[in-house]
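Here is the structure we will look at, set down as structure tokens.
Please read these numbers as outputs of a predicted model, since none were measured by experiment. Indexing begins at 1, ligand by ligand and atom by atom, following the structure's order.
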Amino acid sequence: MPLSVPTLPEGIDPAWLPPDAFRPLGERRTSIRGSGPFVETVHGEVAEACEQFGGEVVRGAGTGTSHDLVLCQGDDDLGDEGFTYERADGTTTVTASGRRGLLYGLFHVVRLGEKAFRGACPREAHRPAVALRMLDHWDNVAVHPVMGQVERGYAGGSLFWRDGRSRGEWQRVRAYGRLLAACGINAVSVNNVNVHETEAHLLTDRIGEVAGIAGVLRPYGIRTHLSVTFAAPVVLGGLPTADPLDEAVRAWWAEAAARVYAAIPDFGGFVVKADSEGQPGPFTYGRSHADGANMLAAALAPHGGTVHWRAFVYDHHQDWRDRTTDRARAAYDHFAPLDGEFADNAVLQVKHGPMDFQVREPVSPVLGAMPRTRLAVEVQATQEYTGQQRHVCWLGPMWSEVLRFRPEGEGGVAVGESARGGLVAVSNVGDDPFWTGHPLAQANLYTFGRLAWQPVADPHRILDEWIALSFPSAPQRLATGLRTLLHGSWRTYEKYTAPLGVGFMVQPGHHYGPSVDGYEYSPWGTYHFADRDGVGVDRSAATGTGYAAQYAKPWAEVYESPATCPDELLLFFHHVPYGHVLHSGKTVIQHIYDTHFEGVAEAEEARRVWAGLAGLVDPARHARGAERYEEQLRSAREWRDQINSYFFRKSGVPDERGRLIH
Ligand code: BDP
């Protein structure tokens, strides 16, 4: 039985799978050969397209007629998800080597559109460079008094949970799985890394609810994961301890894992935030994080599961007057010494930067320091610090820079190649009709999936792909407009917010909008140290926190001195006088003034471009974007005015162009 394509509830945006994107496929004759659950999913997709557009699909070779497209299973050596693609003698052939390959091959054909059926194409092999391409949902099952239903969610409520229970809106969840498969994502974690009491029970008595979600995502090749609390043996099991070396604790976890697998045979594994921001962890028992992770790894191993242990561990009760502690150092200090101690099925999940998803950070030194550990890189699709999906900030170029970064310098391996544990993004999706709040924020999710499949891919090509898929009959003017809007939006956002890598300067708590000193005298470890003479954090080895020395030699040297440190990271690594001259030739203070004026001008221009696309974009989508651009501009001006006034008053240095007055 072909599995039917999920029908979207009324008013829900089809994102990058609008029916029209299937027209080239649906108008043709397709033969599907092979068997198994993913073949049924693929068959359902093709059958639906043919029904709409008049083509036909047969199982097996059929008789007589030739086919425009053959989707079959073969025995190439391209792993479970790989496929080959070729076109010869008027037939396009996709051959999957494993079970899931056909799914990705089908969406490859959809992406190519008409091109898939023209001319000839020699055989190409496709396979993901990264095995695990995952989204972590920070969804609470019950509404959290401060964080709401979705922590750091800017797209409405959770797709999975509402008011303490599973929503059971399976059509939408399936449609979500389909979108994810179409951009290459194959794993999802369904609840927040901060595991509160209600959520803790998902592991045990409420595993059935997780199984429900897993069952709906499965046909699209997605494995379900769960965030668990390290204290589960105490909170759920009634044991006196959660010590990872205690036999009773280990037995409890082994049993818990066995029960999870009884309910969800292809369960992916656990995600764990331990000893971080108030979450329990092995430190309580004087054990290391390798002890903690390995205990869970042992419980999961018999079933083929993986533990995703997060490296986001730091002291959030710092004394801000003590400059010798540096939060940027924490992940490396905690984890680098443990390299080689983690079990094979333990993945250490590392935020891409050392702090916390700021608009500009250096690449985390942990990513170059643990060659004997399976590392996953974690990025944030949800735009906590990058405009909360009210601002357009396409993060493709930022992620691509991270993935192309070579911790050992020229000639070394890139982060995207060495991340054996996978790529993970914090999801930006909710029950919003546009999935992501701002309709253009869909581009971040799509780009993440495609970059995870191929980390060295050019993000701008991925952006073009997203545009072509999401707006299949777009006139050139629309495609150009969308490209203009998204292409440089990260730089624009950077220009009007915290300058030169210094970070934060956001409103504490919700993290939206400027608050120049909001975190300056708080215990969170996120300071800019601006005074009348200068600004920035001295993280050099010679006179600062020593963070720069956590990198391998080439980068440690580059970052050590303001003379070689790249401009955009200068204030992350150095405290410099306002008159310090950047490589660009400008002083730091003039750079701050200029970029803030430019950033707002660019936001004004973006609003104008979007307004000009009315009539080319579906009205509801356009209206939503227009409303968001108003807010982006208001907020950008607020940022500009606060940042510029602040530095003008602190430094007393006039703007060369006379735009600032006392
Ligand atoms: C921070 C968020 C917080 C998350 C934390 C994390 O502000 O809500 O719980 O990251 O990654 O960025 O665990």
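- Between the Gln149 side chain and the Val141 main chain, a donor and an acceptor come within less than 3.5 Å of each other.
- For ligand 1, the atoms lying closer than 4.0 Å to a non-hydrogen atom of Trp138 are 4 (C), 5 (C), 6 (C), 10 (O), 11 (O).
- Of the N or O atoms in Lys273, one or more lie within a sub-3.5 Å distance of an N or O in ligand 1.
- Checked against a 3.5 angstrom limit, the closest N/O atoms of Gln380 and ligand 1 fall outside it.
- Under 4.0 angstrom from ligand 1, there are no non-hydrogen atoms of Val426.
- Atom numbering of ligand 1 starts at 1 in the shown order; those under 4.0 Å from a heavy atom of Arg152 are 2 (C), 3 (C), 7 (O), 8 (O).
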Derivation of the side-chain contact (heavy atoms from CB on, under 4.5 Å) call for Val228 and Val271:
CA-CA 6 Å; Val228 297; Val271 177; over 6 Å; no
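- Between Gln349 and Asp136, the side chains place a donor N or O and an acceptor N or O closer than 3.5 Å (distance only, hydrogens not considered).
- Nearest non-hydrogen protein atom to atom 1 (C) of ligand 1 is Asp356 OD2, 3.1 Å.
- Close N/O approach between Glu378 and ligand 1 is not found [any backbone or side-chain N/O within under 3.5 Å].
- From the protein, the heavy atom lying nearest to atom 7 (O) of ligand 1 is Glu384 OE2, 2.5 Å.
- Listed by number with element, the atoms of ligand 1 under 4.0 angstrom from any heavy atom of Asn194 are 9 (O).
- Heavy atoms from other residues, nucleotides or ligands lying under 6.0 Å from NE2 of His487 number 12 at most.
- Glu151 OE2, 2.5 Å is the protein heavy atom nearest to atom 8 (O) of ligand 1.
- The number of heavy-atom neighbours closer than 6.0 Å to CZ of Arg165, taken from other residues, nucleotides and ligands shown, is 12 or below.
- The environment of Glu197 atom CD is sparse: at most 12 non-hydrogen atoms of other residues, nucleotides or ligands sit within 6.0 angstrom.
- Judged by the 6.0 Å distance and 45° axis criteria, Arg390 is positioned over the aromatic ring of Tyr512.
- Under the ring pair (Phe, Tyr, Trp, His ring centres under 6.0 Å) rule, Tyr519 has a single partner from Phe504, Trp320, Tyr385, Tyr527, which is Phe504.
- Taking every non-hydrogen atom of Lys351 and a distance limit under 4.0 Å, the qualifying atoms of ligand 1 come out as 1 (C), 5 (C), 6 (C), 10 (O), 11 (O), 12 (O).
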